[in-house]
Each structure stands twice: as structure tokens, then as C-alpha cells.
Amino acid sequence: MNELVFTALRLGFLILLWVLILSIVGALRRDLVIGKRARTGVPSAREIRKHPELTPAPEAPAKRPARILCVLEGPLAGTQIELAASPILLGRAQEATLVLEDDYASGRHARLFPQGSRWFIEDLGSTNGTFLGDNQLTRAQPVELGQPIRVGKTVMELRA
């Protein structure tokens with residue numbers, strides 16, 4: 001191979017390497033600038049000192065925790081269960097915490113469980129589904145105070 005062709009190939013390879021390195025550096029710079037522009041959240045102490053109007057608003061008072069599960073409609077209407085730190089199993093099975101006398105409820109229909117200061121409900125693969133408000137559950141969902149939970153013909157809610 002001619003010495004001139006060999007030198008040209010070396011030079012071309014070197015140029016290609018530099019183009020690759022510069023494109024990587026350019027991409028990193030773009031990502032860092034985009035990240036800097038898109039950064040949101042709580043301002044730092046330095047930013048608050050420079051701009052006092054950035055002081056975050058005081059937090060809203062904490063919500064009252066749920067203490068009671070009340071059955072509003074269905075065969076067990078008027079039943080109330082004190083909530084503790086343990087999960088509540090809903091269904092027709094005798095080992096359920098709240099045994100539902102409802103033909104449309106499965107043996108192990110749903111589970112109401114605490115996580116932190118909130119309560120969540122999840123369907124346990126029931127035939128007729130569990131509804132939170134008007135929406136059928138597809139995964140565990142947080143339950144707010146007064147939000148209706150429907151299992152078959154039984155409607156219940158959490159109360160403080």
C-alpha cells in the first residue's frame with residue numbers, strides 16, 4: 001500500500017474520532033442545560049435569600065386519619081369496624097375480617113390495608129370486581145375519607 005494512502009487513512013480515522021468525541025460532549029452539554037432549565041422543586045436556601053418571594057407556602061394542616069369502616073348499603077348496613085394497623089379482608093369466606101353476606105362477593109374479594117397514614121384498597125381477583133367511587137379497581141388505590149367502596153351490593157366508606 002502506498003505511504004500516502006496509509007497516512008490519509010490514519011488522518012481520516014483521527015478526524016472521525018474527534019467528530020465522535022465532540023458530538024458526545026455536545027450531547028452532554030445539551031442534556032445538562034435541559035436538566036438545569038427543567039429543574040423544579042423547592043428553591044435552595046441561597047435562592048430564597050436572594051429572592052424572598054420564593055419562600056414556600058406553609059403546609060396545609062394534616063388530614064384526619066380514618067378510624068372506622070362503615071357499611072352504608074347491603075345486608076350488613078349499619079355495621080362499623082374499628083380500623084387498626086392490620087389489613088382488613090373483605091369477602092364471603094369465614095376467615096374474612098368483614099364477612100359479607102352478599103351473593104355478588106367472592107370468598108376473598110378485596111383487601112383494605114394501611115400504608116403510612118393512608119388506607120389503600122385492592123381487589124384480590126374477584127369475579128365481579130371492586131369499585132372505588134365509580135371506577136373499578138385494577139390495582140391498589142388510596143381511599144379518601146367518605147369515598148364509597150362497593151363490593152357487590154355492599155357499599156362502605158372510611159370515616160374519621
Side-chain angles (χ1 to χ4, degrees), residues 20-21 23-160:
L20 179 66
I21 289 171
S23 67
I24 291 171
V25 169
L28 286 172
R29 288 186 67 208
R30 269 193 315 274
D31 287 347
L32 290 174
V33 169
I34 289 171
K36 195 178 224 181
R37 284 186 199 150
R39 183 177 52 183
T40 59
V42 181
S44 67
R46 178 179 287 175
E47 291 169 336
I48 290 175
R49 279 195 302 272
K50 287 182 180 178
H51 307 284
E53 66 274 4
L54 293 178
T55 305
E59 291 185 20
K63 293 182 180 179
R64 296 182 313 193
R67 293 189 198 147
I68 300 171
L69 174 66
C70 296
V71 180
L72 305 174
E73 298 175 20
L76 298 175
T79 304
Q80 295 186 355
I81 295 179
E82 292 280 332
L83 299 176
S86 58
I88 295 175
L89 180 63
L90 307 170
R92 290 184 1 192
Q94 292 303 314
E95 69 266 8
T97 311
L98 180 61
V99 179
L100 301 174
E101 300 165 2
D102 192 335
D103 293 335
Y104 296 99
S106 299
R108 295 175 46 89
H109 195 97
R111 182 174 73 118
L112 188 65
F113 62 95
Q115 198 167 44
S117 63
R118 300 180 78 183
W119 283 84
F120 288 77
I121 182 107
E122 74 174 328
D123 186 75
L124 299 176
S126 64
T127 306
N128 295 319
T130 304
F131 292 82
L132 183 61
D134 294 328
N135 303 321
Q136 186 171 2
L137 295 177
T138 55
R139 58 185 170 85
Q141 293 284 327
V143 182
E144 302 298 329
L145 292 177
Q147 194 173 18
I149 302 166
R150 186 166 54 87
V151 173
K153 293 180 181 176
T154 305
V155 178
M156 57 199 95
E157 71 179 15
L158 295 179
R159 293 186 179 165

Identified side chain to side chain contact (heavy atoms under 4.5 Å, CB included) partner of Thr97 from the options Leu90, Leu69, Ile88: Ile88
Say you draw a straight line from NZ of Lys153 to CG of Leu76; how long is it, rounded to the nearest 0.5 Å? 13.0 Å
Checking Thr138 against Gln136 for the side chain to side chain contact (heavy atoms under 4.5 Å, CB included) test, could you report, in this order, the C-alpha distance in whole Å, the side-chain angles of both residues, the deciding distance, and whether it holds? CA-CA 7 Å; Thr138 55; Gln136 186 171 2; 5.8 Å; no
How long is the gap from CD1 on Ile121 to CD on Gln147, to the nearest 0.5 Å? 10.0 Å
Closest approach of Ala66 and Leu145, non-hydrogen atoms and distance? CB-CD2, 3.5 Å
Taking all atoms of both residues into account, what is the closest heavy-atom pair of Pro114 and Ala85, and its distance? CG-O, 3.2 Å
For Ala105, enumerate each residue passing the side-chain contact (heavy atoms from CB on, under 4.5 Å) test, keeping only those at least two apart in sequence or located in another chain. Arg92, Leu100, Asp102, His109, Val151
Just grab all the ring-ring contact (aromatic ring centres under 6.0 Å, His included) pairs involving residues 118-154, residues at least two apart or on different chains. Phe113-Phe120
Quick one: does Ser106's side chain get under 4.5 Å of Asn128's, heavy atoms only? no
Checking Ile149, Leu98, Ile81 against Val71 for side chain to side chain contact (heavy atoms under 4.5 Å, CB included), the one that qualifies is Leu98
Calculate, to the nearest 0.5 Å, the distance between atoms CG and CD belonging to Leu132 and Glu144 respectively. 9.0 Å
As an exercise, state the distance from OG of Ser126 to CG of Leu137, rounded to the nearest 0.5 Å. 8.5 Å
Could you grab the distance from atom CG of Leu83 to atom CD1 of Ile68, nearest 0.5 Å is fine? 7.5 Å
Between Gly146 and Glu157 the two heavy atoms that sit nearest each other are O-OE1, 3.3 Å
Could you grab the distance from atom CG of Asp134 to atom CZ of Arg150, nearest 0.5 Å is fine? 8.5 Å
